[in-house]
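Bear in mind that the values here come from a model prediction, so they are computed numbers and not experimental data.
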Amino acid sequence: MSYIGGVLKRFIILVVLFLVLYFPGGVIIMGASCHGKSSIDGLDWIASIFVPFYGVIKAFIC
């Protein structure tokens, strides 16, 4: 594999990981972590779209 191909592959993996944790993954992690303590309401969904890694941060707080 060429150098450019390796860099491109790593870049694509980072972008996919960022996008998964940014919105749907963050909400999924938040739902799994805060299962018994609180439910996910509409404000959490909206905040997870506009605030980067909102769900991941809230999962650490729960």
Requested in this report: Considering non-hydrogen atoms only, spot the tightest contact between Ala59 and Ser33 and give its length.
Outcome: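 Looking at all heavy atoms of both residues, the shortest contact is O-OG, 3.0 Å.
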Query raised in the report: Looking at Met30 and Gly55, what are the two nearest heavy atoms and their distance?
Result: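 Shortest heavy-atom contact: CB-O, 3.5 Å.
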Query raised in the report: Going by heavy atoms in the side chains, are Phe18 and Leu14 under 4.5 Å from each other?
Result: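 In short, these two side chains do not touch, never coming nearer than 4.5 Å.
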Same hydrophobic cluster for [X] and [Y], using side-chain heavy-atom links shorter than 4.5 Å among ILVMFWY?
X     : Y     : result
Leu8  : Val16 : yes
Ile28 : Trp45 : no
Leu43 : Phe50 : no

Query raised in the report: For the atom pair CZ (Phe53) and CD1 (Ile29), what is the distance rounded to the nearest 0.5 Å?
Result: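 Nearest 0.5 Å value for the CZ-CD1 distance: 10.0 Å.
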Report task. Answer yes or no: is there a donor N or O on one side and an acceptor on the other, between the side chain of Asp44 and the main chain of Ala47, under 3.5 Å? Result ->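 No, the answer is negative, given that no donor and acceptor are paired below the 3.5 Å cut-off.
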